[in-house]
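Working notes, structure below.
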2 protein chains.
Amino acid sequence: MLQKPTIKDIARLAKVSSTAVSMALNDRSGVSEKNREKIKKIAKDIGYQPNYIAKALISRRSQSIGLIVNYIADPFYTELASGVEKKANEKGYTVVLCNTNRSRAAEKSFIDVLRARGVDGIILATVEKDDVCIQSLIEEHFPFVLINRIPMNPSFTNKFDFVVQDNFSAGYKAVEHLYRLGHDRIALIAGNLKSSTGLLKVEGSRKAMSDFRLDFDPQLVVDCGYIRSKALEAAKQIFVGMKKRPTAFFCGDDNMALGVRETILGEGLKIPQDIALVGCDNIDTASLKGIDLTTISHKTRVMGEIGTGILIDKIERTTHEMVSKIVLEANLVIRESCGYYLKGYAR
Amino acid sequence: MLQKPTIKDIARLAKVSSTAVSMALNDRSGVSEKNREKIKKIAKDIGYQPNYIAKALISRRSQSIGLIVNYIADPFYTELASGVEKKANEKGYTVVLCNTNRSRAAEKSFIDVLRARGVDGIILATVEKDDVCIQSLIEEHFPFVLINRIPMNPSFTNKFDFVVQDNFSAGYKAVEHLYRLGHDRIALIAGNLKSSTGLLKVEGSRKAMSDFRLDFDPQLVVDCGYIRSKALEAAKQIFVGMKKRPTAFFCGDDNMALGVRETILGEGLKIPQDIALVGCDNIDTASLKGIDLTTISHKTRVMGEIGTGILIDKIERTTHEMVSKIVLEANLVIRESCGYYLKGYAR
DNA sequence: CTGAAAGCGCTTACAG
DNA sequence: CTGAAAGCGCTTACAG
């Protein structure tokens, strides 16, 4: 590899000090206009590129942020990442992608690695109920923001910024929709029940069940960890092992709903005639003809953008002690998978 | 933010020099066993984390690589990225994700940014036919590897490493399959025709057409740039504007095939009874019931892993002048969207 | 305006 | 084995 030019090279060519070069190139006062122009011209001519590593060492700013997600191949995280990426680039930041594959240990290790690598802040999309990682981030005043999930540990209250979707209301709206279509026995294919997204959706669903005086059967709640294949299997178990089958499924995300769908169709049953299905997230695939999944719409990309904006604000004005807590609305998107367009609400 | 401990702090506490601390912590000879242990213990006790920025400035190695893709929300690039991420992490590298949104200017700017930020190498998944970016990478001996696409400029021959899929053969196999099922008029919904992936698939398809003595109608080749909505529109144009409609579509990727599928079904036509459809990539969604898309299988994640392995090899032994050129096989995955299971091959 | 000097946190010859 | 010194490429007081 060729040796890249440094400010020393420019200084030598321009017959000035490195100080002058630094000042000129960073548009700061302290250089004569004549020298400033000479320096800039030479820098351009020799193709000078500032070394950000050196800058970072001094300024303690790397202009990069870390993004920690569970599983980048999941369309939900992809949407999120594209929002993060967009906002970060707009603001002149680079994003380091960390994929934990749902491992808690990996999450912790990535946080250490990212900090050692000098990122200016971290976006965490992976926290669980009693997450210990964020404890130390809080104590050390390291800039971070939680996207999508919050730890539900009351001792953390008010200490951190987050942007999430209204999962409780998502769970409520899904069950309400199914109830009004006439369903009394609804299975909940839950996402990770150690995460706020998994937990709150179930809580919202249960609240709706109780409001509408539906029986709640604990056997009909299965933690499938947002993994499609697990959801597919769980639905099989429900079909095989239960005398009194549910007539509807609400799934913690569309990805799992697609798994449940495979099982339902595989059993020779029809959606929505025999079984109603509701997902969550409104991923791309949900709207395809023949899938037509009724779901809860989440503004996933926007959530990524907002979270990144908050983080960068925190980084750039470190004195600012305000915390942002943003909850985005969850909206029901009615398609064909519950039969609304076939027969409307029954009650 | 708290001030993090440095090797100077450890040196002071252990009453040794920073040199000794550096030696001990990096498991290098030059320190007594006694001091080594004392130093390591102190480092652990005070929670010392090495500053990689400082290390990078000296070693000229940041242990990070850049990944430049066109559109991270596209499932193809997500698969690719997850392979890259996996291999990089295994080898102790961090990956900086850059999403160009298909802009050439962004590609160039990302390369500059990544280099200024000091990444050790770059994975480019975005090159087009006559890419100028890689010219300077080659000249400056900066480590990079091309994944998925190669520039088709003959003057570059043999100068760079790559791992791609056999796009020519993908195009050939798709058309062969359709031909044998009895189709004579096949539309090609091409990916970006300035990219090798788009171009070679069309060339493979044309070769098959000529081998099987099918007429080639240039009106039936549309560059849809791997964008689903463009493919959807292109299919509409073909249905509206053509007297002699095609009976089959081969699409440059599954994503576009899903767009074409929307149009076909929207026209009230059936797949495969009225129109046959072949995609490419074998993304997750392709195998869902009701989609059942016949496609060409590409080992996308593996391609990401292999490419990353090659890049890191290059980075770590800079003298090694070997170039790797890897072409992965493309295999036909027969599902329901062409009617093979309904009636088998006609010829 | 101008430049010599010190320093960011680390490593690498080098002399003892 | 041991530590003082120089240096990676840059910026930031500081004295002239």
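Naming convention: chains lettered A, B, ... in sequence-line order (proteins, then strands); numbering from 1 in each chain.
Nearest approach of B:Gly47 to B:Pro5, heavy atoms of both residues: O-CG, 4.2 Å.
Separating the CG atom of A:Asn26 from the P atom of D:dA13 is a distance of 14 Å, rounded to the nearest angstrom. Distance, B:Ile10 CD1 to C:dT11 P: 10 Å, rounded to whole Å. Here D:dT12 presents its P atom at 12 Å from CZ of A:Arg61, a figure rounded to the nearest Å. In this structure, CZ of A:Arg12 is placed 15 Å from P of C:dG3, rounded to the nearest angstrom. Put simply, OH on A:Tyr52 is 12 Å from C1' on D:dC10, counting in whole angstrom units. Per the geometry, CD1 belonging to B:Ile39 stands 13 Å off P belonging to C:dC10, to the nearest Å. Atoms CG (B:Leu25) and P (C:dT12) sit 13 Å apart, rounded to a whole Å. One can place CE of B:Met23 at 10 Å from P of D:dC1, the figure rounded to the nearest angstrom.
Ionic pairing of A:Asp130 and A:Lys194 is not present here: no N-O contact between side-chain nitrogen and carboxylate oxygen is shorter than 4.0 angstrom.
Distances from the side chain of A:Ser22 to the nucleotides D:dT12, D:dT11, D:dT2 place D:dT11 closest.
Taking only side-chain nitrogens and oxygens, A:Asn35 never comes nearer than 4.0 Å to OP1 or OP2 of C:dC1. A sub-4.0 Å separation between OP1 or OP2 of D:dT2 and a side-chain N or O of B:Ser32 is present.
Defined by atom type and a distance below 3.5 Å, a donor-acceptor pair is missing between the side-chain atoms of A:Tyr71 and A:Asn101. Between the side chains of B:Thr126 and B:Glu107, a donor-acceptor pair is found at a separation under 3.5 Å.
Proximity of a side-chain donor or acceptor of B:Thr300 to a complementary backbone N or O of B:Phe76 within less than 3.5 Å is not detected. Listed for the B:Arg36 side chain is no donor-acceptor partner under 3.5 Å among the backbone atoms of B:Gly30.
Spacing between C:dT2 and D:dG9 at atom P, rounded to whole Å, works out to 25 Å. One P atom belongs to D:dA4, the other to C:dG7, and the distance between them is 16 Å to the nearest Å.
When Watson-Crick and G-U wobble pairs are counted only if both distances are under 3.5 Å, D:dA13 pairs with no nucleotide at all. With a 3.5 Å ceiling on both atom-pair distances, D:dA4 lacks any Watson-Crick or G-U wobble partner.
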Please enumerate all protein N or O atoms sitting under 3.5 Å from an N or O of nucleotides 6-9 of chain D, with distances to 0.1 Å.
unit_1	atom_1	unit_2	atom_2	d
D:dC8	O3'	B:Arg60	NH2	2.6
D:dG9	OP1	B:Arg60	NH1	3.3
D:dG9	OP1	B:Arg60	NH2	2.3

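In this structure, the separation between NZ on A:Lys87 and CD1 on A:Ile310 is 10.0 Å, given to the nearest 0.5 Å.
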